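A short write-up of the structure that comes next.
Nothing here was measured: the structure is a model prediction, and the numbers come from that model. Only heavy atoms go into these numbers, but all of them, side chains included; no hydrogens, no water, no symmetry mates.
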Amino acid sequence: MEIIKTDFEGLLILVPKVIVDSRGFFMESYNYNKLKELGIDNNFVQDNHSLSEYGVIRGLHFQNPPYAQTKLIRAISGEILDVVVDIRKSSSTYGKHLSVMLSAENKKQLLIPKGFAHGFSVISENAEILYKCDNFYNKSSEGGLKFNDTDLNIDWKIPKDKVLVSDKDLNQLNFQSFKSQFE
Ligand SMILES: Cc1cn([C@H]2C[C@H](O)[C@@H](COP(=O)(O)OP(=O)(O)O[C@H]3O[C@H](C)C(=O)[C@H](O)[C@H]3O)O2)c(=O)[nH]c1=O
């Protein structure tokens, strides 16, 4: 597993070792011990799996403390533009975002620490994603930021007339009126 650091504290891109042979490929998509040897020690307790069509944007979501979640996300079919926004008030990258293409082809994973709002747009015809969480779903602790917030100015790589979002995501907070609960 290759670890790629980013400009955001704790936000890592993981590239698993893929073993190819005449039958296809094999990879250990997750290995607690191998990540622990690399200094990554999360007790993941919930796996999520979603399918979305082209143009869907899910996010930008997070769970507030004490239900905040570290996530380890990957695409198992199709391709997404995965986007995280740093909402840790004391972070030097507060309010900044990182975008990374995750796809069944590149097999990249994103380790997203607590304190980031997370979302993705579906660039392919459809995409299935799997992600591990180190805290359980807690609906009442959910928070969110508007995907099209002008201060965040995120390029989701989807033409405006093709964007598909839930009513919930249309009504998230603007960044300016958002009060982070993350230090
Ligand atoms: C997140 C979640 C949702 N649900 C139920 C609640 C709804 O009945 C249904 C769809 O939920 P929602 O529309 O919030 O799903 P997404 O828009 O994919 O939300 C996720 O999208 C972004 C990208 C994230 O990073 C979060 O994990 C999560 O907020 O699944 C559950 O039962 N358990 C869960 O852990």
Side-chain angles (χ1 to χ4, degrees), residues 6 8-11 44-103 109-183:
T6 68
F8 296 74
E9 179 64 34
L11 182 70
F44 292 114
V45 295
Q46 180 176 316
D47 277 357
N48 293 335
H49 180 173
S50 70
L51 165 71
S52 308
E53 304 304 312
Y54 171 76
V56 164
I57 296 176
R58 292 181 186 250
L60 293 153
H61 306 156
F62 53 88
Q63 290 192 171
N64 284 306
Y67 303 100
Q69 297 169 312
T70 299
K71 295 168 190 167
L72 178 58
I73 182 166
R74 65 192 177 107
I76 56 166
S77 75
E79 182 169 34
I80 62 170
L81 181 75
D82 206 62
V83 178
V84 289
V85 178
D86 192 346
I87 55 174
R88 300 169 296 189
K89 289 181 285 190
S90 58
S91 168
S92 60
T93 46
Y94 178 75
K96 301 274 187 267
H97 71 272
L98 175 133
S99 305
V100 59
M101 287 289 191
L102 302 179
S103 68
Q109 303 178 15
L110 192 60
L111 182 68
I112 310 166
K114 295 172 175 65
F116 283 84
H118 174 239
F120 62 84
S121 58
V122 178
I123 307 293
S124 50
E125 188 178 337
N126 54 56
E128 283 189 81
I129 64 146
L130 299 179
Y131 54 108
K132 294 182 172 303
C133 303
D134 71 349
N135 216 338
F136 296 106
Y137 176 54
N138 181 284
K139 187 173 180 58
S140 61
S141 73
E142 282 191 310
L145 294 171
K146 261 191 190 336
F147 71 97
N148 56 355
D149 182 87
T150 51
D151 289 325
L152 298 177
N153 193 27
I154 295 168
D155 178 3
W156 293 97
K157 310 288 185 198
I158 301 286
K160 279 193 176 21
D161 64 331
K162 302 289 187 197
V163 168
L164 297 170
V165 294
S166 65
D167 289 344
K168 177 181 89 169
D169 286 347
L170 281 175
N171 297 303
Q172 300 289 11
L173 283 178
N174 282 320
F175 188 61
Q176 279 196 4
S177 48
F178 165 62
K179 299 280 179 284
S180 174
Q181 295 181 31
F182 292 88
E183 292 310 317

To check you understand the geometry: which heavy-atom pair defines the closest contact between Arg88 and Tyr94, and what is its length? O-CD1, 3.3 Å
Look at the rings of Phe182 and Phe62 and say which category their plane angle falls in: under 30° parallel, 30 to 60° tilted, over 60° perpendicular. perpendicular
Within a 6.0 Å radius of atom NZ on Lys162, are there more than 12 heavy atoms belonging to other residues, nucleotides or ligands? no
Assess whether side chain to side chain contact (heavy atoms under 4.5 Å, CB included) is satisfied between Leu72 and Phe44, documenting all intermediate values. CA-CA 9 Å; Leu72 178 58; Phe44 292 114; 3.8 Å; yes
I need the single residue from Ile129, Ile123, Ile73 that forms a side-chain contact (heavy atoms from CB on, under 4.5 Å) with Leu102. Which is it? Ile73
Taking the side chain from Lys146 and the backbone from Leu170, do they hold a donor-acceptor pair closer than 3.5 Å? yes
What closest approach, in Å, do Val122 and Ile158 show between heavy atoms, and which atom pair accounts for it? O-CD1, 3.2 Å
Using the rule given for side chain to side chain contact (heavy atoms under 4.5 Å, CB included), can you reason through Asn48 versus Cys133, listing the C-alpha separation, both sets of side-chain angles and the distance that settles it, and then say yes or no? CA-CA 8 Å; Asn48 293 335; Cys133 303; 3.5 Å; yes
Going by the salt bridge (Lys or Arg N to Asp or Glu O under 4.0 Å) test, which pairs reach into residues 52-65, not counting sequence neighbours? none
Is any side-chain heavy atom of Asp47 closer than 4.5 Å to one of Leu130? no
Taking Asp82 for its side chain and Val100 for its backbone only, find out whether a donor-acceptor pair lies under 3.5 Å. no
Starting from the C-alpha separation in whole Å, work towards a yes-or-no answer on salt bridge (Lys or Arg N to Asp or Glu O under 4.0 Å) for Lys132 and Asp134. CA-CA 7 Å; Lys132 294 182 172 303; Asp134 71 349; over 6 Å; no
To the nearest 0.5 Å, what is the distance between CG (Asn148) and CG (Asn153)? 10.5 Å
Interatomic distance, CD@Gln46 vs NZ@Lys71, rounded to 0.5 Å, equals 10.5 Å
Distance-only, no hydrogens or angles: does the Gln172 side chain make a donor-acceptor pair with backbone N or O of Leu60 under 3.5 Å? no
Is a donor on one side and an acceptor on the other found under 3.5 Å between the side chain of Ser180 and the backbone of Lys89? no
Expected output: side-chain Asn174 to main-chain Asp149 donor-acceptor under 3.5 Å: no
Which pairs count as ring pair (Phe, Tyr, Trp, His ring centres under 6.0 Å) when at least one residue sits in residues 113-134, sequence neighbours excluded? none
State whether the number of non-hydrogen atoms from other residues, nucleotides or ligands found under 6.0 Å of Glu9 atom CD is greater than 12. no
Polar side-chain atom of Gln63 near backbone of Asn138 as donor-acceptor pair, under 3.5 Å: yes
Would you give the length of the straight line joining atom CD of Gln69 to atom CG of Asn64, rounded to the nearest 0.5 angstrom? 11.0 Å
How many angstroms lie between atom CD1 of Ile154 and atom CG of Leu81, to the nearest 0.5 angstrom? 9.0 Å
pair Lys157-Glu79: side-chain heavy atoms closer than 4.5 Å: no
Which heavy atom of Ser124 sits nearest to which heavy atom of Gly78, and what is that distance? OG-CA, 3.2 Å
For the CD1 atom of Ile80 and the CE atom of Met101, what is their distance to the nearest 0.5 Å? 10.0 Å
Between Phe175 and Gly95 the two heavy atoms that sit nearest each other are CZ-CA, 3.6 Å
Measuring only between side-chain heavy atoms, which start at C-beta, is Leu98 closer than 4.5 Å to Val83? no
If you look at every heavy atom in Ala117 and Leu145, which pair is closest and at what distance? CB-CD1, 4.1 Å
When you measure from the side chain of Ser141 to the backbone N and O of Tyr67, does any donor-acceptor pair fall under 3.5 Å? no
Any side-chain to backbone donor/acceptor pair from Ser77 onto Glu128? Under 3.5 Å, distance only. yes
How many angstroms lie between CG in Leu11 and CG in Leu110, if you round to the nearest 0.5 Å? 5.0 Å
Provide the closest heavy-atom pair for Phe147 versus Asp169 in the form atom of the first, atom of the second, distance. CD2-O, 4.0 Å
Validation row: His49, Ile76 side chains within 4.5 angstrom (heavy atoms): yes
